[in-house]
Amino acid sequence: MNVDKLMNDLTRKNPGEVEFLQAVREVLESIVDVVEANPQFEEANIIERIVEPDRALTFKVAWADDKGDIHVNRGYRIQFNNAIGPYKGGLRFHPSVNLSILKFLGFEQIFKNSLTSLPMGGAKGGSDFNPKGKSNSEVMRFCQSFMMELHKIIGPETDVPAGDIGVGGREIGYMYGMYKKLTHEHTGVLTGKGLNWGGSLVRPEATGFGNVYFAEEMLKTKGESFKGKTVAISGFGNVAWGAAKKATQLGGKVVTISGPDGYIYDPDGISGKKIDYMLELRASNQDVVRPYSFEYGVEFHEGKRPWEVKCDIALPCATQNELDGEDAKKLVANGCICVCEGANMPSTPEAIEVFLENKVLFAPGKAANAGGVATSGLEMSQNSMKLNWSAEEVDSKLHEIMRNIHESCVKYGKDSEGYVNYVKGANIAGFLKVANAMLDLGF
Ligand code: NDP
Ligand code: 2IT
């Protein structure tokens with residue numbers, strides 16, 4: 001298997017799609033040995049087939065603001081691969097959204113969903129709509145207009161979207177409301193729904209909780225735990241919130257959160273009502289974390305990332321490529337022993353190299369943030385059965401899924417000296433199931 005040749009061909013076919021190409025290269029480099037040991041994959045051209053989305057739809061989303069002015073955004077849905085189950089993956093609303101970002105996310109989602117062991121294929125979608133400063137009614141009209149197009153290609157057994165950056169319970173509600181009107185159906189077509197209309201307990205917390213459960217498993221391999229550890233978190237959204245909650249419950253002290261404007265350093269620990277204050281910050285639609293420093297009288301470091309702070313554990317939970325080689329070196333120099341990605345692809349390839357060289361416990365997002373989509377899968381199961389599980393039941397299933405993902409990573413990622421390369425482990429374990437399914441199904 002010639003990774004450079006494959007990447008050259010892919011670069012020619014997808015010019016300028018930097019994030020997509022970055023995500024594909026990482027996977028291909030990890031699976032070389034497995035592909036070479038299994039000639040049936042190359043014989044069936046699995047690699048060329050897996051890097052091409054089944055379909056990538058873009059559509060116009062026109063909506064009226066509160067003054068009556070009409071705006072146009074672009075909507076997307078990338079249905080990447082449905083070999084092991086219906087397409088599944090979130091919707092992102094952020095001004096930076098483009099085809100490359102959604103293709104990288106859709107591609108990652110194939111392997112992440114495979115790792116969960118639940119029957120879900122990979123997809124992603126969203127829009128370059130900027131929720132910042134929009135009123136509730138503007139967000140509603142945008143979501144309704146978005147769903148007017150999206151509903152044509154989704155369905156509970158076809159493609160089941162959910163949230164991601166800029167899409168939380170409120171947006172899912174408005175989109176689900178419109179889907180229900182358009183189709184005259186009340187089915188589990190979206191996940192992350194409200195509890196009164198088909199949602200699952202623990203879904204809001206699931207990505208962050210799952211991330212911390214995964215980190216806990218990694219720490220255990222070194223006889224360590226969260227107890228007494230200093231934790232640096234980036235982001236202040238859904239994932240950062242859940243991670244802060246669980247890390248604190250397990251005895252860790254979370255000292256940072258961050259936004260596009262800079263980071264907060266709270267040496268006493270972000271715990272209790274301070275964690276829920278993050279929800280208020282997000283709901284304000286202002287895109288800034290700074291108000292936390294006024295509310296609690298702590299330091300705000302404008303324009304900086306939290307990776308310069310001394311910590312034992314780092315949980316990057318904001319967005320892609322938010323932790324580079326220099327940040328990684330700072331973390332290592334400051335004694336950080338574990339980096340567990342809550343966001344999708346937050347570490348650059350240079351950063352990952354630094355972590356692996358220094359034998360840091362490092363988990364890639366596709367393994368470590370799979371708790372969100374796994375719990376979406378559990379929401380789909382509950383919808384199909386027309387039953388609701390208790391919070392304890394969902395949480396214990398989530399916990400077990402994260403332990404199993406950790407085990408799969410160890411199985412395929414442990415080297416002869418005992419160091420676990422979780423990037424390799426996650427990519428191989430995720431790939432094998434999908435590739436074998438593709439063989440079984442024919443082309
Ligand atoms: P939220 O919208 O709740 O929060 C996202 C956070 O990231 C916010 O703090 C946001 O700030 C910040 N952010 C977004 N884009 C940028 C940017 N370009 N530069 C700097 N900061 C940025 O989203 P989530 O918490 O749901 O998502 C966070 C990460 O976790 C993403 O990578 C997402 O793909 C991933 N993820 C989410 C899952 C889920 O279930 N929600 C599941 C698995 C992974 P702001 O919006 O103010 O720019
Ligand atoms: O990146 C992700 O896994 C998500 N945004 C969650 C997807 C889902 O379908 O729950």
Side-chain angles (χ1 to χ4, degrees), residues 19 85-97 101-102 104-113 115-116 118 120-126 130-133 159-172 188-193 200 202-211 233-244 257-264 278-279 281-290 292 303 305-306 315-323 341-347 364-380:
E19 295 83 1
Y87 300 109
K88 180 85 196 87
L91 297 170
R92 176 177 290 193
F93 293 168
H94 196 271
S96 64
V97 159
I101 288 180
L102 294 182
F104 117 64
L105 289 163
F107 183 71
E108 292 270 294
Q109 201 81 42
I110 306 171
F111 307 99
K112 182 194 304 192
N113 293 2
L115 284 168
T116 66
L118 301 174
M120 300 182 291
K124 202 82 185 189
N130 187 358
K132 183 175 175 177
D159 182 354
V160 183
D164 193 78
I165 291 179
V167 178
R170 175 182 62 166
E171 292 74 19
I172 294 290
V189 73
L190 296 172
T191 59
K193 298 188 289 299
S200 172
V202 189
R203 177 63 186 90
E205 294 88 348
T207 312
F209 276 23
N211 179 250
I233 293 184
S234 63
F236 65 107
N238 171 261
V239 180
W241 166 76
I257 50 172
S258 71
D261 52 332
Y263 77 90
I264 296 290
M278 286 161 73
L279 297 177
L281 277 178
R282 290 301 294 155
S284 73
N285 267 11
Q286 291 310 312
D287 260 10
V288 284
V289 76
R290 187 174 203 150
Y292 183 104
R305 296 157 161 178
L315 308 176
C317 295
T319 193
Q320 65 276 355
N321 294 328
E322 53 151 323
L323 195 168
E341 294 187 339
N344 286 306
M345 207 170 74
S347 310
K366 64 168 78 68
N369 71 33
V373 73
T375 308
S376 280
L378 301 177
E379 183 172 329
M380 289 164 74

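Because the structure is predicted, anything quoted here is derived from the model rather than measured. Every heavy atom of this structure was used, including side-chain atoms; hydrogens, water molecules and symmetry mates were not. First listed ligand is number 1; within each ligand, the first listed atom is number 1.
- The nearest heavy-atom contact from the protein to atom 10 (O) of ligand 2 is Ser376 OG, 2.5 Å.
- With Gln109 contributing its side chain and Gly122 its backbone, the two residues share no donor-acceptor pair below 3.5 Å.
- Checked against a 3.5 angstrom limit, the closest N/O atoms of Lys124 and ligand 1 fall outside it.
- Annotation: Gly163 places an N or O atom under 3.5 Å from an N or O atom of ligand 2; distance criterion only.
- Atom 43 (C) of ligand 1 has its closest protein heavy atom at Thr207 CG2, 3.4 Å.
- For atom 20 (C) of ligand 1, the nearest protein heavy atom (residue, atom name, distance) is Thr319 CG2, 4.0 Å.
- Residue contact annotation: Arg203 has a non-hydrogen atom under 4.0 Å from ligand 2.
- When each of Val239, Asn369, Thr319 is paired with Asn344, the side chain to side chain contact (heavy atoms under 4.5 Å, CB included) condition holds for Asn369 and for no other.
- Counting only distance, with no hydrogens or angles, the side chain of Asp261 and the backbone of Gly303 share no donor-acceptor pair below 3.5 Å.
- Ligand 1 has no nitrogen or oxygen under 3.5 angstrom from a nitrogen or oxygen of Val288.
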Verdict with supporting geometry, Tyr292 and Ile257, side chain to side chain contact (heavy atoms under 4.5 Å, CB included): CA-CA 10 Å; Tyr292 183 104; Ile257 50 172; 4.1 Å; yes
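- When only non-hydrogen protein atoms are considered, atom 2 (C) of ligand 2 lies nearest to Lys112 NZ, 3.3 Å.
- Closest protein heavy atom to atom 12 (C) of ligand 1: Ala318 CB, 4.1 Å.
- Shortest contact from atom 8 (C) of ligand 1 to any protein heavy atom: Arg282 NH1, 3.6 Å.
- In terms of polar-atom proximity, defined here as any N/O pair under 3.5 Å, Gly259 makes no such contact with ligand 1.
- Of the N or O atoms in Lys112, none lie within a sub-3.5 Å distance of an N or O in ligand 1.
- Met120 CE to Ile110 CD1: the interatomic distance, rounded to the nearest 0.5 Å, is 13.0 Å.
- Counting the atoms of ligand 1 from 1 in the order shown, those under 4.0 Å from a heavy atom of Gly237 are 1 (P), 3 (O), 4 (O), 9 (O), 25 (O).
- Under 4.0 Å from ligand 1, the heavy atoms of Arg203 that appear belong solely to its side chain.
- Between Lys88 and Asp159 there is no salt bridge, since none of the side-chain N atoms of the basic residue sits less than 4.0 Å from a carboxylate O of the acidic one.
- Taking each heavy atom of Leu281 and Val288 in turn, the nearest pair found is CD2-O, 3.8 Å.
- Heavy atoms of Gln320 found under 4.0 angstrom from ligand 1: none, in either backbone or side chain.
- Side chain of Asn211 to backbone of Ala243: no donor-acceptor contact under 3.5 angstrom is found.
- For atom 27 (O) of ligand 1, the closest non-hydrogen atom of the protein is Ile165 CG1, 3.6 Å.
- The closest approach between Gly166 and ligand 1 falls below 4.0 Å for a heavy atom of the residue.
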Derivation of the side chain to side chain contact (heavy atoms under 4.5 Å, CB included) call for Leu323 and Arg305: CA-CA 8 Å; Leu323 195 168; Arg305 296 157 161 178; over 6 Å; no
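- Distance CG/Asn130 to CG/Asp287: 6.5 Å, rounded to 0.5 Å.
- Shown in contact with Gly235 at under 4.0 Å from a heavy atom are these atoms of ligand 1, numbered in order with element: 9 (O).
- Nearest protein heavy-atom neighbour of atom 41 (N) of ligand 1: Asn238 OD1, 3.5 Å.
- Scanning the protein heavy atoms around atom 46 (O) of ligand 1, the nearest turns out to be Asp287 OD1, 3.1 Å.
- Ligand-side atoms of ligand 1 in range of Arg92: 31 (C), 32 (O), 33 (C), 34 (O), range being under 4.0 angstrom from any heavy atom.
- Nearest heavy atoms, Thr375 versus Ser200: CG2-OG, 4.5 Å.
- Distances below 4.0 Å separate heavy atoms of His94 from the following atoms of ligand 1: 14 (C), 15 (N), 16 (C), 18 (N), 48 (O).
- Annotation: atom 8 (C) of ligand 2 to nearest protein heavy atom, Ala162 CB, 3.4 Å.
- A cation-pi contact, defined as under 6.0 Å to the ring centre and within 45° of the axis, links Arg282 to Phe236.
- Of the heavy atoms in Thr375, none comes closer than 4.0 Å to ligand 2.
- By the criterion of a heavy-atom distance under 4.0 Å, neither the backbone nor the side chain of Glu322 is placed next to ligand 1.
- Between Glu379 and Lys193 there is a salt bridge, with a side-chain nitrogen of the basic residue lying less than 4.0 Å from a carboxylate oxygen of the acidic one.
- Side chain of Ser234 to main chain of Cys317: a donor-acceptor pair is present (N/O by atom type, distance under 3.5 Å, no hydrogens or angles).
- Nearest protein heavy-atom neighbour of atom 35 (C) of ligand 1: Asn344 ND2, 3.6 Å.
- Residue contacts with ligand 2 for Glu108 are absent, since no atom lies close enough (heavy atoms, distance under 4.0 Å).
- At least one heavy atom of Lys124 sits under 4.0 Å from some atom of ligand 2.
- Closest to atom 7 (C) of ligand 2 among all protein heavy atoms lies Gly90 N, 3.5 Å.
- Residue contacts with ligand 1 include Gly342, since one or more of its heavy atoms lies under 4.0 Å from the ligand.
- At least one N or O atom of Phe236, backbone or side chain, sits closer than 3.5 Å to an N or O atom of ligand 1.
- Contact annotation: for Cys317 versus ligand 1, heavy atoms closer than 4.0 Å belong to the backbone alone.
- Although no hydrogens or angles enter the test, the distance criterion places no donor-acceptor pair under 3.5 Å between the side chain of Glu108 and the main chain of Leu105.
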Test side chain to side chain contact (heavy atoms under 4.5 Å, CB included) applied to Val160 and Leu190, step by step: CA-CA 5 Å; Val160 183; Leu190 296 172; 5.6 Å; no
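- The backbone N or O of Gly235 lies less than 3.5 Å from a partner atom in the side chain of Ser258, making a donor-acceptor pair.
- At least one N/O-N/O distance between Lys88 and ligand 2 falls below 3.5 Å.
- For Asp164 (side chain) and Arg92 (main-chain N/O), no donor-acceptor pair under 3.5 Å exists by modelled atom type.
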Side chain to side chain contact (heavy atoms under 4.5 Å, CB included) assessment of Trp241 paired with Glu205: CA-CA 8 Å; Trp241 166 76; Glu205 294 88 348; 3.8 Å; yes
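- In the vicinity of Pro260, heavy-atom distances shorter than 4.0 Å reach the ligand 1 atoms 11 (O), 21 (N), 45 (P), 47 (O), 48 (O).
- Put simply, part of Gln109 is less than 4.0 Å from ligand 2, judged by heavy atoms.
- Between the Glu341 side chain and the Ser347 main chain, a donor and an acceptor come within less than 3.5 Å of each other.
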